[in-house]
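First up is the structure itself, then whatever we jot down about it.
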Amino acid sequence: MYAFNYHRPDSLEAAIGLLRTCEDGLFLAGGQTLLQSLRQRLAQPSDLIDLGALPELSGIRREGDQLVIGAMTRHAEVAASDLVRQSIPALAALAAGIGDAQVRNMGTLGGSIANNDPAADYPAGVLGLGATVVTSERELAADEFFTGMFETALEPGELIREVRFPIPRRAGYVKFAQPASRYALVGVMVAESAAGVRVAVTGAGPCVFRVPAMEQALAQDFQPQALDGIEVPADELNDDLHASAEYRAHLVGVLARRAVKAALAGL
Amino acid sequence: MKVSMTVNGRPVEAEVDPRTTLVEFLRKHLNLTGTHVGCDTGQCGACTVHLNDRAVKSCSVLVGQAQGAAVTTIEGIAEDGGLHPVQAAFREHHGLQCGFCTPGMVMMAIDLLRNDPAPSEATIRQQLQGNLCRCTGYHNIVKAIQAAAATMAATEPAPTQMKEQLA
């Protein structure tokens, strides 16, 4: 690791102030990606601002027809939460499948979506459920939040406070996990609500994306067979040692059907 | 920078480089070498310890993140010179071959049993995904955890839980 200054502020204002005043600072959430990046010298921040002493960034609550999850809420807390399991079981299942048990005990929702790894699970959850990302500055719809590979609409010094998930009528998330890392080789979130159907895919492309053709077909008929004949072109999908672009394109179709089945079963 | 925390029930304080990971702090500053460094990349789980009663990979936690926390390592689970029921079950069922991954396996197993006192074999295997045994001795590890679950259920409250109540 390159040297850095470490801060552990006890207020949100102090955290944001520190980031603005230091030369090249980074917020540290759970650190389950950032620490390994530092160790490999892939990142060289001048300062790390640890958000671990800010309890106001953690917690799960229901507000009307929304489930609100704090940015520093750990994956294990989301997976085990009765509130999440009752209102959006697909989101609890998604959180329960991230990484491994130890990673889920440290990793956070805010950290995951700020990093926007192309194979992470949460981006599919946030985009598929049509969530809103609430930052220190503004509210961002999921559709405008994820902008590219490891890229988001967050400005320097902007901090994610919480994510607001509208509670869908039904939703399902299914992933084909890369067996060593358990990142999504492909993962699909399908959600049906009064506003329509959303289908979000992670792992397959450089950034999480929606599949409008599948959304329209499922809006007509929310059944797995409604997706018959709909294919995602392989042209712009990831192609690496784990899977070819064609294989990933095939998986999108298979997993979308399974996600619909999971949604119908209320899993 | 200065850090302070409680390790195995004992308050500790030290001056450290901010880059120090929790596992380095435990091994080099406190000489608690029971926690092993396997891959040092967050994959193998040999360095698993409890941070405020949750299993974490101590190579993936900066010492600053444990500021003010309660940390428990493999050295802190047994009482009165005996073995923790999970350790005893690993010995009884030969839940180890070379033994390198064992401290992490035991710490993960204790966390698992705290959340689910009667886990199925499938749950145990799923919860152990972050702990690699390069001897591939998983079968007996799973057996040992099942046996420990039975022992602990029969002798409630188990030693770790008693310790928590006292703490």
Side-chain angles (χ1 to χ4, degrees), chain A residues 1-10 26-55 58 72 74-77 79-80 93 96-108 111 177-183, chain B residues 1-5 16-24 37-69 104-105 107-116 119 123-132:
Chain A
M1 273 184 239
Y2 294 110
F4 52 78
N5 302 310
Y6 172 88
H7 312 271
R8 195 174 164 88
D10 56 10
L26 281 178
F27 290 125
L28 171 65
Q32 298 305 282
T33 299
L34 182 54
L35 243 73
Q36 300 309 331
S37 307
L38 291 171
R39 177 173 278 142
Q40 292 172 64
R41 298 194 164 187
L42 295 172
Q44 191 177 5
S46 63
D47 295 73
L48 277 190
I49 296 136
D50 185 354
L51 305 174
L54 303 173
S58 278
M72 283 292 288
R74 319 273 170 181
H75 308 324
E77 294 170 309
I98 297 173
D100 54 50
Q102 294 95 320
V103 166
R104 291 192 290 274
N105 279 336
M106 282 301 288
T108 67
Q178 203 282 334
S181 68
R182 284 171 299 281
Y183 269 102
Chain B
M1 66 178 206
K2 197 175 219 179
V3 288
S4 57
M5 66 189 77
V16 294
D17 183 307
R19 286 176 286 184
T20 310
T21 57
L22 181 57
V23 71
E24 285 176 298
V37 178
C39 65
D40 213 15
T41 55
Q43 299 176 61
C44 80
C47 65
T48 299
V49 301
H50 296 174
L51 178 64
N52 290 334
D53 290 333
R54 294 180 317 208
V56 300
K57 293 177 177 177
S58 58
C59 79
S60 299
V61 177
L62 285 174
V63 66
Q65 292 178 281
Q67 170 67 35
M105 289 283 182
M107 296 310 286
M108 189 60 231
I110 293 173
D111 181 72
L112 188 171
L113 294 174
R114 187 182 287 146
N115 293 320
D116 184 353
T123 301
I124 294 172
R125 289 186 184 274
Q126 204 250 341
Q127 290 296 304
L128 286 185
Q129 280 180 335
N131 294 76
L132 302 181

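These numbers come from a predicted model, not from an experiment. Values below: every heavy atom of this structure, side chains too, minus hydrogens, waters and symmetry copies.
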Under 4.5 Å from a heavy atom of chain A, the part of B:Thr48 involved: side chain
Distance-minimising heavy-atom pair for B:Gly42 and B:Ser60: CA-OG, 3.5 Å
Side chain proximity check, B:Thr21 to B:Ser58, heavy atoms < 4.5 angstrom: no
Most chain A-contacting option - heavy-atom pairs closer than 4.5 Å, from B:Val61, B:Leu51, B:Asn115, B:Asp40: B:Asp40
Leading residue by heavy atom contact count with chain A [cutoff under 4.5 Å; candidates B:Ala55, B:Gly45, B:Gly68]: B:Ala55
Contact class of A:Ala177 relative to chain B, heavy atoms under 4.5 angstrom: neither
Portion of B:Asp17 that has a non-hydrogen atom of chain A nearer than 4.5 angstrom: neither
Which atoms of A:Leu28 approach chain B - backbone, side chain, both or neither, heavy atom under 4.5 Å: side chain
A:Arg39 side chain near B:Cys59 side chain, heavy-atom distance below 4.5 Å: yes
Positions in residues 40-53 of chain A that reach chain B, provided some heavy atom is under 4.5 Å away: A:Leu48, A:Asp50
B:Gln127 and B:Asp111: CA distance, side-chain angles, deciding distance, side-chain hydrogen bond (donor to acceptor under 3.5 Å, both in side chains) verdict: CA-CA 10 Å; B:Gln127 290 296 304; B:Asp111 181 72; over 6 Å; no
Contact summary for B:Leu22 and B:Met5, nearest pair of heavy atoms: CD1-SD, 4.2 Å
Leading residue by heavy atom contact count with chain B [cutoff under 4.5 Å; candidates A:Met106, A:Gln36, A:Arg104]: A:Gln36
Shortest non-hydrogen contact between B:Asn131 and B:Gly104, atoms and distance: ND2-O, 3.2 Å
Heavy-atom pairs under 4.5 Å with chain A, option from B:Gln126, B:Gln67, B:Met1, B:Arg19 with the top count: B:Arg19
Chi angles and distances behind the side-chain contact (heavy atoms from CB on, under 4.5 Å) call for A:Asn105, A:Arg74: CA-CA 6 Å; A:Asn105 279 336; A:Arg74 319 273 170 181; over 6 Å; no
Between B:Lys57, B:Gln65, B:Gln43, B:Met108, the one whose heavy-atom pairs under 4.5 Å with chain A are most numerous: B:Gln65
Candidate pair A:Val103 and A:Arg182, rule side-chain contact (heavy atoms from CB on, under 4.5 Å), full reasoning: CA-CA 11 Å; A:Val103 166; A:Arg182 284 171 299 281; over 6 Å; no
Distance in Å, A:Thr33 OG1 paired with A:Leu38 CG, rounded so as to fall on 0.5 Å steps: 11.0 Å
Non-hydrogen side-chain atoms of A:Leu26 and A:Phe4 separated by less than 4.5 Å: no
Choice from A:Gly99, A:Gly30, A:Ala180 maximising heavy atom contacts with chain B below 4.5 Å: A:Gly30
A:Met72 side chain near A:Leu54 side chain, heavy-atom distance below 4.5 Å: no
Structural part of B:Leu132 lying under 4.5 Å from a heavy atom of chain A: neither
